[in-house]
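Below you'll find the structure, written out as C-alpha cells, and then a few comments.
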2 protein chains.
Amino acid sequence: MSDTDDSAVTAWSEAEPGDDVARGTGVALWKQIAERIEADIVEGRLAPGMRLPTEMELAERFGVNRHTLRRALAMLTERRLIEATPGRGTFVKEPPIRYPIGPRTRFSEIVAREGRAPSGRLIGSRIEPASAEIAEALHLPMGADVLRVDLLREADGVPITIASHWYDAERCRDLDLLLAATGSVTRALETLGLGDYRRLETRITARPADEEERRRLSLPAGRVVMVVESINGDAQRRPIQYTRARFCSDRVQLIVKN
Amino acid sequence: MSDTDDSAVTAWSEAEPGDDVARGTGVALWKQIAERIEADIVEGRLAPGMRLPTEMELAERFGVNRHTLRRALAMLTERRLIEATPGRGTFVKEPPIRYPIGPRTRFSEIVAREGRAPSGRLIGSRIEPASAEIAEALHLPMGADVLRVDLLREADGVPITIASHWYDAERCRDLDLLLAATGSVTRALETLGLGDYRRLETRITARPADEEERRRLSLPAGRVVMVVESINGDAQRRPIQYTRARFCSDRVQLIVKN
DNA sequence: CATGATTTGTCCGTATGTATT
DNA sequence: GAATACATACGGACAAATCAT
C-alpha cells in the first residue's frame, strides 16, 4: 500500500548482514524469520507504509533460500501485517483511518482529527431522475429531478472514498456551483441554510472494487470497498441528502460508538 | 446464491419460446434482453433466490448466440440484480438481512425479526493467552488467560457469520460448557449473571474471504467478508466480551441508526 | 474418493454496420 | 470517398468450478 515513499527501504536495511537464523533448533526457519520481522514491525523499527527490501535481498540477509523467506512473508501477509503488490514491492501495512459513524459525521473533521490532511476533488455533478431507492430515501416521487454530486476524498493525498450525494433538485438549486466554489460540502450546504444536517441512518455492505473504483482509488486488483449508504436530514429529521460512499476498506475502519 | 431451491427454474421457464427479440431496431439485442429479464425480476416473476435457466437455454429462448446473452447477464450482474457461480448457475440476488448495530445487538433476535429462523453451531472453544488487541479491549494484562468461543451462525440454515468471542477466563468459568448446553450465548451469560451485556463500541472493516471462511460460510471464490469487532460490557460499561464476527457481505447489510 | 456431467468463464476467430477522422 | 476505430453479433473450443453418482 501507500503511495508515499517507495525508497524508504534504507532505514531498516542497514541491519547488519550475516545475522543468520538459527538452524537445527527444531523451530522452522521461516517461522523464526516471520517472528523477527513481526517484532521489527510492532516495535516500530519497520514503520507503517515502509517498503521492505526485495525478497532476494531479504533471503540473502537471513541466509536462506528465497522460498523459505516467502513462506515467512506469507505468514505475515495472512496476519495482515504486510502487503505485497506484484511489481511494486512489499510494504508494512498502514493503520486504517478510524472513521466514526455518528449523528454528525463529516469527512474533513474526521480525517483532520486523525492528524492527516483532508482534501477532495469534484468528479462530476448532474441532474438525473430519482431511482426507486433514492426517491424513497429522500421522500420524493420516483423519477423526480435530483442533483447528483460525485466527490473523491483524500487524506494526505491518498484517495480514501468516492462519495455520491443526491439532493432534491428543487431545494438545492446551484448546489453544484457552490460546491465547486467552496470546495466543501458542509460549507456549500451552509450557504443554502442547511448547515447542521445530521445523519439519520447508515447502511453498510462490502464487495470487491470494480474497475472504475480501482482506478479512482488507485487500488490493485482484488481489493475491497465498503459501500456506506446514509440518509442525512435537517434539524426536523427531514431527509435532505442521500449519500453512497465507497471506502477503500484497507485504508478505513468504520467505528460505531454505542 | 441461496442453497434453497435449485430446481425453482420451472415457474419462469414456462415462458413461451420463440418470443424472440426485435432485430434491426437500433436497440442492441443484449440490451433488450437485459431489460426484459430486469423487468421480470423487479415485477416479481423471477423471485429472489430463484435460479435462471442455463445460458444455453436462455440464448435459445431469446433466439441469440450465447455471447449475446452473456452480454445481457453481464449488465445485470453489474447492477447486482443477479449473481452467477461457475458450475452452479445464475441466481436472482436475495435481499440481505438488515442487521442493526445498536447497544443491544443480538444475532437471534435480529434474524427472527427478519422472519427467518436463527440457528448456531459451536465450532470450538479453548483457553488461550490474550493477544495485545484482546488484552486492551478487555482491560486485562497481555497474555492473561482468556476463553475463546467460536460459533457459526445461520439464518434458515444459510450460514451468515463466523463469530469468535473472547472472555476473561477468570470471570467466565465453564462458559463454554454452558454454551454447549444451552446453545445460546445470551442464555449462557445470563446463567453467569451477565444477562444484559450491551455493546460499547463496534469497528468495521472488510476484506476478501479466506480459505477457511469460504468453506465455513460456503462461499464461492472472490467473495467478501465484513469483519465486525465489538466490545460488549456490563451495566457499568466494564468490558466483559470481545467479539470478532466475520459476516458474509452478500447476505448481510449492517444498519446504524442515529 | 474418483469420475463424469453440468454450467459458467475465457479465449480464439470472423463478419458486419456505424461513426469518426 | 477512404481509412480507421468501435460496438455488435455469431461460432467454436476449452478451462474451471460444482454437483451427483
Side-chain angles (χ1 to χ4, degrees), chain A residues 86 207-215 219-225, chain B residues 1-15 17-41 45-94 121 152 154 156-160 162 207-225 246 248-251:
Chain A
R207 55 172 173 73
D210 66 27
E211 187 59 43
E212 185 212 351
E213 287 154 356
R214 293 218 312 269
R215 184 167 40 78
L219 293 175
R223 240 31 89 73
V224 168
V225 290
Chain B
M1 281 287 81
S2 120
D3 316 314
T4 45
D5 194 355
D6 276 18
S7 61
V9 193
T10 41
W12 189 63
S13 59
E14 300 166 9
D19 58 347
D20 285 12
V21 92
R23 301 180 108 92
T25 58
V27 184
L29 295 184
W30 64 264
K31 213 170 267 190
Q32 296 181 50
I33 295 171
E35 273 162 21
R36 279 183 36 185
I37 298 180
E38 179 173 353
D40 285 340
I41 291 173
R45 288 187 292 280
L46 271 169
M50 200 180 259
R51 182 174 161 212
L52 277 76
T54 68
E55 295 176 348
M56 284 294 288
E57 285 173 316
L58 282 175
E60 196 175 2
R61 170 176 317 172
F62 287 111
V64 298
N65 184 277
R66 180 166 163 244
H67 293 301
T68 310
L69 181 101
R70 278 181 62 77
R71 183 70 187 83
L73 294 189
M75 143 127 280
L76 297 173
T77 305
E78 204 172 357
R79 297 242 223 135
R80 293 173 230 292
L81 289 167
I82 60 170
E83 197 162 44
T85 345
R88 286 201 2 106
T90 307
F91 299 83
V92 181
K93 266 215 170 184
E94 296 192 77
R121 284 191 10 244
L152 178 65
E154 308 164 314
D156 287 343
V158 180
I160 300 295
I162 305 171
R207 55 172 174 76
D210 67 26
E211 188 58 43
E212 186 212 349
E213 287 155 355
R214 292 221 312 268
R215 186 167 37 79
R216 287 235 147 88
L217 297 171
S218 51
L219 293 175
R223 243 25 95 74
V224 168
V225 290
R246 288 157 290 174
C248 166
S249 68
D250 289 327
R251 319 215 246 252

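Here is the naming used below: chain letters follow the sequence lines, and residue numbers restart at 1 for every chain.
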- Item | Side-chain N,O (B:Asn65) to OP1/OP2 (D:dG11) below 4.0 Å | yes

Separation of atom [atom1] in [X] from atom [atom2] in [N], rounded to whole Å:
| X | N | atom1 | atom2 | value |
| --- | --- | --- | --- | --- |
| B:Leu29 | D:dC10 | CG | P | 6 Å |
| B:Phe62 | D:dA9 | CZ | P | 14 Å |
| B:Gln32 | D:dA9 | CD | C1' | 13 Å |
| B:Met75 | D:dA9 | CE | C1' | 18 Å |

- Query: So how far is it from B:Leu69 CG to B:Arg66 CZ, rounded to the nearest 0.5 Å?
  - Reply: 9.0 Å

- When rounded to the nearest 0.5 Å, the distance separating CG of B:Leu52 from CD of B:Glu83 is 12.0 Å

- Item | Minimum-distance pair of heavy atoms, taken over all atoms of B:Phe91 and B:Gly49 | CD2-O, 3.7 Å

- Item | Minimum heavy-atom distance B:Met75-B:Ala34, with the two atoms named | CG-CB, 3.9 Å

- Message: Treating primed atoms plus P, OP1 and OP2 as sugar-phosphate and everything else as base, which nucleotides of nucleotides 6-12 of chain C get B, S or - for protein heavy atoms under 4.0 Å?
- Response: -BBBBB-

- Message: Applying side chain to side chain contact (heavy atoms under 4.5 Å, CB included), can you list everything that pairs with B:Pro48, at least two apart in sequence or on another chain?
- Response: B:Glu94, B:Pro95

- Under the salt bridge (charged side-chain N to carboxylate O under 4.0 Å, His left out) test, which residues partner B:Arg80, sequence neighbours left out? none

